[in-house]
Amino acid sequence: MSTKIDINPLTRIEGHLAIKLEIDSGQVTRAYCAGEMFRGIETILRGRSPLDAQQITQRICGVCPISHGMASLKAQEQAYQVVLTDNGRLMRNLILGANYIQSHIMHFYHLSALDFIDITAILEYRGADAALLDLQAWVKAQFASKSIFPGAPFLPRYKGDYLQDLDVNIGAIKHYLEALEMRAMAQEALALFAAKAPHPTALIPGGVTEKATAKKIAAYASILARLRTFIERVYLPDVVAVASAFPAYFKLGKGCGNFLAFGAFDQGDGGLFLPGGRLTQGQAAPVDQAKITEDTTTAFFSSPSGLHPFAGDSTPAPHKPGAYSWLKAPRYEDQPYEVGPLARMLVAHQAGHAQAKPLIAGLLGKLGLDAGDLDSVMGRHAARALECKLVAEACAGWLARLQPGQPTFADFNLPASGKGVGLTEAPRGALGHWIEIADHKIKNYQCVVPTTWNSSPRDAKGVAGPIEQALRGAPVADSDNPIEAARVVRSFDPCLACAVH
Ligand code: NFE
Ligand code: MG
């Protein structure tokens, strides 16, 4: 028997995402991802000073503002032909690195872990930890009042096959609370060099306006040491514990088989710490941004379909027949691509990355898996955690190379006209900004954003986006509690606020 269900909104993600599923004999046969709102930030930018762009585009998101700022600066720097100073480049790596750390920790503990661990286990807690006892009292009160507020972080929730090990469950709940502190500390670390978080003011074309002082370097180092301890001793072991308890999720949620990374973290020698590249059905290939287009066939935009971002347009058409999402469908050579930590780790692995390759091999060996199993729900969680460790380690190296007293930005002249492409990696994947300047004003500005790739709707050929494809075939044992489908979607860490921009 065929059933249709709507998960709307899908909670514990950023922004407003509706998932529509068609289910036959307990399996998803068709899935649709719909972005539920229009924001129009690309349109707001037209006619403004190009120097406003890195501030306005940061407002696309409170989770990954850094990445939008960086993409905007890279696009402007190409247009202005300005080259960063060494300190400026290193400080930007440290700012972006701290942003990855807070984002990845949040995604696991605050957004995804509750799909696997049993929050009601807290009711059985008999220890003396004050924060856990507070939480226990709160959960008890929710049950006693039976008026569980739907917006609460923990309850209600889908019924499901949650983890049964009391120690692991209580440990994970404790780590949920610790992870809140880690996030705050990572934001403090990036604010040392970016002036504030979120939405830093110190990011300017040519570098960063904050100084690299010995005091700031020491403060960042002390926070980074605590973050690295948490990543190694808490985050990675928890991901391994959940992965070991749910091995079926290494076989579930396979995406479209195409992976794209632009690469990020300039090393100063022309290379990037996280390399760019593509993997298409297992074959490695380079990336040429000229081959990116956005399909608008099923998107609520009257803009022509299949335009490159330099020719892009985002005119809303809320009543467009056949449309079902406020996301355009980005395509590379007309194909959908998955972006994010899994794409980056697979591209790095394929490129023989000195640190990533042994780390991935170690994890696969520990879990008795092979690289093909990574294209899955649990593979995405594992890739994100490994990347978090890699980036935190790299931050220590960049910090050591900062030179107090040396310039943190380079001067430049503003041209009356120009064009630039800014490609980087946000925590959730490949991010591109395209700017065209005429008469000292922004003539056109287009963003192609990680979650727009991953949550994209169907294109002119009817090809579904990566999340839509990953949902196909997913089991749904109980259509009132589609926890398996929610786990598939959350493994991509979607941010619909970004995606609709
Ligand atoms: Ni709103 Fe973002 C990241 C960007 S997701 S979180 O990471 O760009 O599309
Ligand atoms: Mg766009």
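Note that the structure is a prediction, hence the values are computed from the model and not measured. Throughout, numbering of the chain's residues begins at 1 and tracks the sequence.
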- Message: Show the nearest heavy-atom pair for residues Ser456 and Leu327, with the distance to one decimal.
- Response: N-CD2, 4.3 Å
- Looking only at non-hydrogen atoms, find the nearest pair between Phe301 and Lys320 and report the distance. O-NZ, 2.8 Å
- Query: Is the shortest distance from a Lys or Arg side-chain nitrogen in Lys4 or Asp24 to a carboxylate oxygen in the other one below 4.0 Å?
  - Reply: no
- Message: Between Tyr332 and Trp453 (judged by ring centroids, cut-off 6.0 Å), do the two rings come close enough to count as a pair?
- Response: no
- Message: Checking the side chain of Ser376 only, and the main-chain atoms of Asp373 only, is there a donor and an acceptor separated by less than 3.5 Å?
- Response: yes
- Item | Tyr220 and Phe193 aromatic centres sub-6.0 Å | yes
- Task: Walk me through it: do Arg92 and Thr424 pass the test side chain to side chain donor-acceptor pair (under 3.5 Å)?
- Result: CA-CA 12 Å; Arg92 283 202 195 163; Thr424 186; over 6 Å; no
- Message: Please determine whether the number of non-hydrogen atoms from other residues, nucleotides or ligands lying under 6.0 Å from atom CG of Asn413 exceeds 12.
- Response: no
- Query: What's the spacing between Leu386 CG and Leu359 CG if we round to 0.5 Å?
  - Reply: 4.5 Å
- Smallest separation among heavy atoms of Leu21 and Ala485, with atom names: CD1-CB, 3.7 Å
- Query: Honestly, is Arg46 close enough over Tyr445, meaning NZ or CZ under 6.0 Å from the six-membered ring centre and within 45° of the axis?
  - Reply: no
- Query: In terms of side-chain geometry, is the basic nitrogen of Lys20 or Asp6 positioned less than 4.0 Å from the acidic oxygen of its partner?
  - Reply: yes
- Any chance you could lay out the salt bridge (Lys or Arg N to Asp or Glu O under 4.0 Å) test for Arg331 and Asp459, step after step, and finish with the verdict? CA-CA 9 Å; Arg331 295 291 185 259; Asp459 58 29; 2.7 Å; yes
- Task: Apply the test side chain to side chain contact (heavy atoms under 4.5 Å, CB included) to residues Val448 and Glu294: give CA-CA distance (whole Å), side-chain angles for both, the deciding distance (0.1 Å), then the verdict.
- Result: CA-CA 8 Å; Val448 181; Glu294 290 194 292; 3.7 Å; yes
- Charged N-O contact under 4.0 Å between Asp266 and Arg89: no
- So with a 6.0 Å cut-off around NE2 of His16, is the heavy-atom count from everything else above 12? no
- is_close_aromatic(His107, His381), centroid dist under 6.0 Å: yes
- Task: Indicate yes or no for a side-chain donor-acceptor contact from Asn99 to the backbone of Val63 under 3.5 Å, with no hydrogens or angles considered.
- Result: yes
- Message: Taking atom CD as the centre, does Gln281 end up with more than 12 heavy-atom neighbours from other residues, nucleotides or ligands that are less than 6.0 angstrom away?
- Response: yes
- Message: I'd like to know if the side chain of His199 and the backbone of Gln58 have a donor-acceptor N/O pair within less than 3.5 Å.
- Response: yes
- Query: So, Tyr235 versus His104, ring centres under 6.0 angstrom or not?
  - Reply: no
- Task: For residues Leu17 and Glu36, determine if any side-chain heavy atom of one lies less than 4.5 Å from a side-chain heavy atom of the other.
- Result: no
- With distance as the sole test, does Glu338 use its side chain to make a donor-acceptor pair with the main-chain N or O of Cys256 at under 3.5 Å? no
- Nearest heavy-atom approach of Leu224 to Ala396 is CD2-N, 3.5 Å
- Message: Looking at Arg428 and Asp493, is any side-chain nitrogen of the basic one under 4.0 Å from a carboxylate oxygen of the acidic one?
- Response: yes
- Do Asp115 and Arg12 sit within salt-bridge range, that is, some charged N less than 4.0 Å from a carboxylate O? yes
- Query: Is the closest basic N to carboxylate O distance between Arg380 and Asp375 below 4.0 Å?
  - Reply: yes
- Task: List the steps, then state whether ring-ring contact (aromatic ring centres under 6.0 Å, His included) holds for Tyr32 with Tyr324.
- Result: CA-CA 8 Å; Tyr32 299 86; Tyr324 67 92; 5.4 Å; yes
- Message: Looking only at the aromatic ring of each residue, does the gap between the centers of Tyr100 and Phe265 stay below 6.0 angstrom?
- Response: yes
- Message: Check this for me: does any side-chain nitrogen of one of Lys251 and Glu484 sit under 4.0 Å from a carboxylate oxygen of the other?
- Response: no
- Less than 4.5 Å apart, any side-chain heavy atom of His501 and any of Ser314? no
- Item | Nearest heavy atoms of Ala191 and Ala197, plus distance in Å | CB-N, 4.1 Å
- Task: Answer yes or no: is there an ion pair linking Glu210 with Lys216, defined by an N-O contact shorter than 4.0 Å?
- Result: yes
- Task: Could you tell me the separation between the NZ atom of Lys357 and the NE2 atom of His349, rounded to the nearest 0.5 Å?
- Result: 5.0 Å
- Would you name the heavy atoms of Gly432 and Leu423 that are closest together and state the gap between them? CA-CD2, 4.0 Å
- Item | Under-4.0 Å salt bridge between Lys389 and Glu393 | yes
